[in-house]
Amino acid sequence: MNWINNVVRPKIRGLLQKRDVPENLWIKCPETGEMVFHRDLEANQWVVPNSGHHMRISGSRRLELFFDDGSFEKVKTPEVVADPLKFRDEKRYTDRLRDARAKTGLDDAVTVATGKLRGMDMTAAVQDFAFMGGSLGMAAGEAVLTGMQTAVARKTPFVLFVASGGARMQEGILSLMQMPRTTVGVQMLRDAGLPYIVVFTNPTTGGVTASYAMLGDVHMAEPGALIGFAGPRVIEQTIREKLPEGFQRSEYLLDHGMVDMVVHRHKLPETIARVCSILMKAEVSLPDEEELMTPPREEGEAKVSPELAQGGEASSAAESGTREADGESR
């Protein structure tokens, strides 16, 4: 009877025991409620394939997707006083910093890096919302300034991916002082004649929007990103009126002239490279003509209005007619 005790009973217990399945294997789309397998979502750069919803992405992963071959070099940023005001609310500020660093593996919200973008030297900084809501403090302000100074020293464009809930209240007036300091950094870029590209991601609010985020030469935004100073709920409670649908979202701000273009995450590197090559009058290694003529994948396809599409067809027809007439005349 040993085979029953040694073989059968353990198998029965194994069938009856509840299996431990990780909870993050399937991720729910905030817009449609669709469940997406985490590997499929990661392979699609954290963009939901069917709905096109752009989910938040870590700063290191964004830099890998931005630079050529995912290769970049981090720029060391100055160290600042950890807790200048000895602030404490529900817990000490130093404890919050320690928890955020353990959770994200970052020293602070902003990471600065240099690398190649389509063969062009580039300096970029990314604000990670996972680190205390991407809040602007002394360390983040120093990092942004360091990135701008690095761009001036290397004579490269400066690209900033912003995502923030505003200034860091635990540092009080010292965090608000970073707003004019970063504004001076923007002026340094302009004096040097270097492009400053801002990419708005979800969300970008508060003191960051009121300072360096709105001072770019070109403002790009990911689809559906929340961009503004105060949130829509605060505005509704203040004015006691219902806000328009999509208020403070990328597409709404594009229609009202607050951002220059809304770009899909898959198209950001190529678009930024083209804009910087024009502003810098430099050559970049872009896809060849055959690759450009190939229809893009559905999830990365740009939205084109029917009128623009009809105009493109008409211009193509006119161009072919001109070529035929030119051939007959010859």
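Scope of the values below: all heavy atoms of this structure, side chains included, with no hydrogens, waters or symmetry mates. In what follows, residues are counted from 1 in the order of the sequence shown.
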Test side-chain contact (heavy atoms from CB on, under 4.5 Å) applied to Asp108 and Arg168, step by step: CA-CA 12 Å; Asp108 210 87; Arg168 191 171 299 175; 3.2 Å; yes

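- Of the possible donor and acceptor atoms, none in the side chain of Asn44 sits under 3.5 Å from a partner among the backbone N and O of Trp46.
- In terms of hydrophobic clustering, with Ile, Leu, Val, Met, Phe, Trp and Tyr side chains grouped at heavy-atom distances under 4.5 Å, Leu189 and Val112 are assigned to a common cluster.
- The two atoms that bring Ala140 and Ser135 nearest to each other are CB-O, 4.0 Å, heavy atoms only.
- Considering all non-hydrogen atoms of both residues, Phe131 and Ala109 come closest at CD2-N, 3.7 Å.
- Side chain to side chain, Thr123 and Thr156 meet the donor-acceptor criterion of an N or O pair below 3.5 Å.
- The two residues His219 and Ala213 have their closest heavy-atom pair at NE2-O, 3.6 Å.
- Side-chain atoms of His256 do not come within 3.5 Å of backbone N or O of Met258 as any donor-acceptor pair.
- The hydrophobic cluster containing Val159 also contains Leu117, counting ILVMFWY residues as joined when their side-chain heavy atoms lie under 4.5 angstrom apart, directly or transitively.
- Atom OG1 of Thr201 sits about 8.0 Å away from atom CD of Gln127, to the nearest 0.5 Å.
- Note on Leu279: it does not cluster hydrophobically with Phe158, by side-chain heavy-atom contacts below 4.5 Å among ILVMFWY residues.
- Between the CZ atom in Phe129 and the CD1 atom in Ile57 there is a gap of 15.5 Å [rounded to 0.5 Å].
- Between Met220 and Asp260 there is no side-chain heavy-atom pair separated by less than 4.5 Å.
- Closest approach of Ser250 to Val259, counting heavy atoms only: O-CG2, 3.9 Å.
- The existence of a salt bridge linking Asp83 and Arg92 is excluded, since no basic side-chain nitrogen approaches an acidic carboxylate oxygen closer than 4.0 Å.
- Side-chain contact between Thr111 and Ser60 is absent, with no heavy atoms from C-beta onward closer than 4.5 Å.
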Please step through side-chain contact (heavy atoms from CB on, under 4.5 Å) for the pair Val144 and Gln178, ending with a clear verdict. CA-CA 9 Å; Val144 172; Gln178 308 310 311; over 6 Å; no

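- At least one donor-acceptor pair under 3.5 Å links the side chain of Asp128 to the backbone N or O of Gly59.
- Using a distance-only test at 3.5 Å, with no hydrogens or angles considered, a donor-acceptor pair links the side chain of Glu171 to the main chain of Met138.
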Review item, side-chain donor-acceptor pairs of residues 224-245, under 3.5 Å, at least two apart:
unit_1, atom_1, unit_2, atom_2, d
Glu236, OE2, Leu243, N, 3.4
Thr238, OG1, Val234, O, 2.8

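- Rounding to the nearest 0.5 Å gives a distance of 10.5 Å between CD1 of Ile197 and CZ of Phe161.
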Does the salt bridge (charged side-chain N to carboxylate O under 4.0 Å, His left out) test come out yes or no for Arg61 and Glu64, once each step is laid out? CA-CA 5 Å; Arg61 180 58 178 158; Glu64 291 176 3; 3.3 Å; yes

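- The distance from the NZ atom of Lys155 to the CG atom of Leu194 is 9.0 Å, given to the nearest 0.5 Å.
- Met179 is not connected to Leu145 by any chain of hydrophobic side-chain contacts under 4.5 Å among Ile, Leu, Val, Met, Phe, Trp and Tyr, and they are in different clusters.
- Aromatic rings of Phe72 and Phe66 (six-membered ring for Trp) have centroids beyond the 6.0 Å cut-off, not under it.
- A donor-acceptor contact shorter than 3.5 Å links the side chain of Thr204 to the backbone of Val162.
- Between Gln149 and Val152, every side-chain heavy-atom pair lies at or beyond the 4.5 Å cut-off.
- Taking the charged nitrogens against the carboxylate oxygens, Arg101 and Asp107 have no contact shorter than 4.0 Å, which rules out a salt bridge.
- For the atom pair Met55 CE and Glu31 CD, the distance stands at 10.0 Å (nearest 0.5 Å).
- Considering all non-hydrogen atoms of both residues, Gly141 and Thr182 come closest at O-CG2, 4.2 Å.
- His54 and Glu222 are not linked by any side-chain donor-acceptor pair at a separation below 3.5 angstrom, with hydrogens and angles left out of the test.
- Ion pairing between Arg98 and Asp95 holds under the 4.0 Å rule for side-chain N and carboxylate O.
- Side-chain N/O atoms of Arg190 and Gln187 include no donor and acceptor closer than 3.5 Å.
- Annotation: the span from Leu176 atom CG to Arg181 atom CZ amounts to 13.0 Å, rounded to 0.5 Å.
- No single ILVMFWY cluster, assembled from side-chain heavy atoms under 4.5 Å apart, contains both Val275 and Leu254.
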Under the side-chain contact (heavy atoms from CB on, under 4.5 Å) criterion, do Val199 and Ile272 qualify, and how do the steps go? CA-CA 9 Å; Val199 181; Ile272 293 174; 3.9 Å; yes

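- For the pair Asp68 (side chain) and Arg118 (backbone), a donor-acceptor distance under 3.5 Å is present.
- Taking Lys116 as the reference, Asp121 meet the side-chain hydrogen bond (donor to acceptor under 3.5 Å, both in side chains) condition, with sequence neighbours excluded.
- Under the ring-ring contact (aromatic ring centres under 6.0 Å, His included) criterion, Tyr212 pairs with no residue at all, not counting sequence neighbours.
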What's the verdict on side-chain contact (heavy atoms from CB on, under 4.5 Å) for Glu73 and Phe67, showing C-alpha distance, side-chain angles and the deciding distance? CA-CA 10 Å; Glu73 181 181 353; Phe67 287 109; over 6 Å; no

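- Scanning all heavy atoms of the two residues, the minimum distance from Gly137 to Ser175 falls at CA-CB, 4.2 Å.
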